[in-house]
Amino acid sequence: MIRGAEEVRVRFAPSPTGHLHIGGARTAFYNWLYARHHKGTFILRIEDTDRTRSTEEYINAIIEGMKWLGLDWDEGPYRQTDRFDVYKSYADKLLAEGKAYFCYCSPEELEQRRQEALAQGKTLKYDGRCRNRDKGQGKNAAVRFKMPQEGETVVHDLIRGRIVFENAQLDDLIIIRSDGTPTYNFTVVADDVDMNITHVIRGDDHLNNTPKQIHIYAALGYEIPLFAHLPMILGADKARLSKRHGATSVTAYKEMGYLPDALVNYLVRLGWSHGDQEVFTRDELIQYFSFENIGKSAAVFNPEKFLWLNSHYIMNSASEKLAELVIPFLITQGIIGKSQSLNKEWLSKAITPLKERSKTLTELANSLRYYIADDVEYNEKAKAKFLNEGSRDILFELKDKLMVVRDFSAEEIEKVFRAIIEKHNVKLGNLAQPVRVAITGSTESPGIFEVLEIMGKEKTLKRLEKAINTIGVS
RNA sequence: GGUCCCAUCGUCUAGAGGCCCAGGACGUAGCCCUCUCAAGGCUAAGACACGGGUUCGAAUCCCGUUGGGACCGCCA
């Protein structure tokens with residue numbers, strides 16, 4: 001059978017030594033998209049063989065991150081620490097077939113030789129001194145894989161094409177440590193073989209490992225999977241994206257008020273394109289996704305464009321949905337109490353004019369503050385400019401007229417405003433701005449009639465009165 | 001140092017030899033709309049890293065230079 005002709009089986013294989021990184025999230029998403037596009041299987045595999053750095057907490061964080069992004073998997077999560085017997089049997093097989101050998105060099109010796117090689121400007125490569133020694137018992141010995149030393153290995157990459165490596169460059173890498181635990185380059189291959197993986201989609205930091213892994217697949221008698229090495233995500237300084245570039249974990253963006261769909265959309269466009277289209281639904285992504293449209297060069301993560309996309313998604317989300325999503329942010333910002341509940345219908349109505357003014361859920365929560373709080377807090381500059389002698393009388397008149405309005409709707413409120421400005425022959429701004437400050441505390445808000453309606457008659461009158469008193473005192 | 005990868009506006013990208021004196025998006029600036037702030041609309045500035053080929057013709061193909069990145073662990 002030709003590789004690629006059978007059912008697609010792909011995997012995302014993070015190591016739980018940190019939160020789900022946005023680079024990892026993108027890799028996961030491309031795998032997921034490829035599987036969904038081809039109606040294949042997407043497998044989640046936790047590569048936790050480094051027991052000193054892997055934690056349960058990070059495993060959970062990664063799983064939570066995947067769920068939040070809506071990346072559902074069909075098999076797993078498998079854990080490599082549960083599969084040591086698999087690796088051992090594969091290693092024993094290689095040993096028995098003479099494709100691997102015991103190495104008795106100590107880590108200290110190896111390190112010393114590495115330093116010497118480095119000092120002499122030589123290639124850093126195991127010298128193969130245990131290759132032909134007597135097998136021995138393998139006590140306290142590591143197991144090395146016997147790489148071919150001549151010829152070349154060709155990687156056929158779905159994104160980069162044909163890449164040729166000289167076998168003389170390949171290192172006899174350790175597949176089992178002297179303590180009996182397997183190493184990464186071996187577990188990946190063993191698992192891919194065992195799980196019948198057809199396509200390996202991963203970051204291009206693994207490109208140089210690929211020729212070595214190809215020989216291990218072959219030694220295990222497995223058909224070589226197809227590879228797709230994704231370009232890296234860089235920070236603004238063009239260095240690989242890391243903590244020092246600011247937030248890099250999926251969780252961090254969740255907490256800052258970003259929407260999962262926005263993150264996914266932003267990440268997928270970083271390195272992939274479909275003509276000029278910028279915004280995609282998930283179904284469109286599944287339909288359009290293909291390796292042909294993945295770029296080869298690394299991409300710089302651009303927070304501004306991501307912010308824009310997020311605001312776009314917020315603007316286009318249903319208010320009812322945002323009303324649900326914003327609650328945790330209202331709580332963390334102390335705008336409502338932990339057990340306090342709000343009228344969902346009212347909240348949605350308040351959100352509608354706010355969503356095109358909020359780039360994140362955090363901002364949305366914050367702009368809801370003046371509606372929910374008992375009292376207004378004036379912005380000092382706004383207060384000085386609009387709440388003064390010049391506006392007292394007109395505010396008083398407005399309050400007076402508003403008091404008798406039965407149907408406190410934007411429409412009716414506007415009629416009152418229009419009547420007043422017409423009478424005094426002033427522009428709407430002359431009335432609207434003082435009112436805005438009186439009601440919201442600042443000079444920026446949605447349309448004033450709408451704000452008053454959402455605020456409600458009682459609060460509106462109370463705040464107008466407070467403003468008038470404030471002027472009176474000053 | 002060795003090996004490998006990459007190279008279009010500040011950033012993400014379109015571009016598969018003529019459709020490109022290079023298109024879209026973010027950001028920036030200006031204008032319009034307007035009760036403020038947004039949103040929206042319009043406009044502007046802004047790129048094929050460099051040098052050689054190949055070709056009637058190159059952003060697109062080839063070679064080199066330069067620049068960036070990744071990997072070279074008993075980490076993953």
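Below, chains carry the letters A, B, ... as their sequence lines are ordered, and counting in each starts from 1. Only heavy atoms go into these numbers, but all of them, side chains included; no hydrogens, no water, no symmetry mates.
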Length of the CD1-C1' vector between A/Ile351 and B/A38, whole Å: 16 Å

Selection from B/A76, B/A7, B/U3 that lies nearest to any side-chain heavy atom of A/Arg53: B/A76

Complementary nucleotide for B/A58 - Watson-Crick or wobble, under 3.5 Å: none

Nucleotide nearest A/Arg436 (side chain, heavy atoms from C-beta), chosen from B/C4, B/C35, B/C74: B/C35

Partner nucleotide, any strand, of B/C31 [Watson-Crick/G-U, under 3.5 Å]: B/G41

Listed nucleotide nearest any side-chain atom of A/Ser273, set B/A14, B/G2, B/U8: B/A14

Sugar-phosphate only, base, or nothing, as touched by A/Gly447 at under 4.0 Å among non-hydrogen atoms: base

Sugar-phosphate, base or nothing in reach of A/Ser445, heavy atoms under 4.0 Å: base

Nearest listed nucleotide, side chain of A/Asp276, among B/G24, B/A76, B/A39: B/G24

Touch class at under 4.0 angstrom, heavy-atom based, for A/Thr49 against every strand present: sugar-phosphate

Euclidean distance, atom CZ of residue A/Phe301 to atom C1' of B/U13 [Å, nearest integer]: 16 Å

Which nucleotide in B/G27, B/A76, B/A70 has an atom nearest any side-chain atom of A/Thr183: B/A76

Polar side-chain contact A/Lys296-B/C6 base: donor and acceptor under 3.5 Å: no

Candidates B/C12, B/U8, B/C4 - which lies nearest the side chain of A/Arg269: B/C12

Atom pair distance, as rounded to whole Å: CE in A/Met232 and P in B/G68: 18 Å

Under 4.0 angstrom between A/Lys238 side-chain N/O and B/U11 OP1 or OP2: yes

Sugar-phosphate only, base, or nothing, as touched by A/Ile174 at under 4.0 Å among non-hydrogen atoms: base

B/G24 to B/G41 separation - P atoms, rounded to the nearest Å: 14 Å

Touch class at under 4.0 angstrom, heavy-atom based, for A/Cys105 against every strand present: base

Spacing between A/Asn310 atom CG and B/A38 atom P, to the nearest angstrom: 18 Å

Phosphate-side-chain proximity, A/Arg240 and B/C6, N/O vs OP1/OP2 below 4.0 Å: no

Residue met sooner reading RNA chain B from 5', once A/Ile163 and A/Ser358 are mapped to nucleotides: A/Ile163

Touch class at under 4.0 angstrom, heavy-atom based, for A/Leu110 against every strand present: base

RNA chain B: 5'-proximal contact among A/Leu207 and A/Arg114 (nearest heavy atom): A/Leu207

Partner nucleotide of B/C9 by Watson-Crick or wobble geometry (both distances under 3.5 Å): none

Shortest side-chain distance from A/Ala299, nucleotide among B/U13, B/C4, B/G24: B/U13

Closest to the A/Glu356 side chain, choosing from B/C35, B/A38, B/A70: B/A38

Polar pair under 3.5 Å, donor/acceptor by atom type, side chain A/Thr443, base B/C37: no

A/Arg369/A/Glu377 salt bridge by N-O under 4.0 Å criterion: no

Sugar-phosphate, base or nothing in reach of A/Phe306, heavy atoms under 4.0 Å: nothing

SB check A/Arg240 A/Asp205 (cutoff 4.0 Å): yes

Spacing between A/Glu304 atom CD and B/C9 atom P, to the nearest angstrom: 18 Å

Base of B/G24 paired with side chain of A/Glu278 (donor-acceptor, under 3.5 Å): yes

Any-strand Watson-Crick or G-U partner of B/C50, both distances under 3.5 Å: B/G64

Minimum-distance nucleotide to A/Asp205 side chain [options: B/A70, B/C5, B/U36]: B/A70

Watson-Crick or G-U wobble partner of B/C4, both distances under 3.5 Å: B/G69

Sugar-phosphate, base or nothing in reach of A/Val155, heavy atoms under 4.0 Å: nothing

Value in whole Å for how far the P atom of B/A25 lies from CG of A/Leu270: 18 Å

Polar side-chain contact A/Arg357-B/C37 base: donor and acceptor under 3.5 Å: yes

Under 3.5 Å side-chain donor-acceptor pair for A/Arg83 and A/Gln80: no

Atom pair distance, as rounded to whole Å: CD in A/Glu444 and P in B/A39: 12 Å

Rounded interatomic separation in angstrom, taking CG from A/Leu364 and C1' from B/C37: 15 Å

Atom pair CE/OH of A/Met195 and A/Tyr78 - distance to nearest 0.5 Å: 5.5 Å

Touch class at under 4.0 angstrom, heavy-atom based, for A/Asn430 against every strand present: nothing

Under 3.5 Å side-chain donor-acceptor pair for A/Ser445 and A/Arg436: yes

Touch class at under 4.0 angstrom, heavy-atom based, for A/His229 against every strand present: nothing

Residue A/Phe396 excluded, over 12 heavy atoms near CZ under 6.0 Å: no

Parallel, tilted or perpendicular: ring planes of A/Tyr58 versus A/His19, cut at 30 and 60 degrees: perpendicular

Sugar-phosphate only, base, or nothing, as touched by A/Pro446 at under 4.0 Å among non-hydrogen atoms: base

Which nucleotide in B/C35, B/A25, B/U3 has an atom nearest any side-chain atom of A/Leu428: B/C35

Electrostatic pair A/Asp50-A/Arg53, nearest N-O below 4.0 angstrom: yes

NZ or CZ of A/Lys381 within 45° of A/Phe386 ring axis and under 6.0 Å: no

Distance, P atom - from B/A59 to B/A22, rounded to whole angstrom: 11 Å

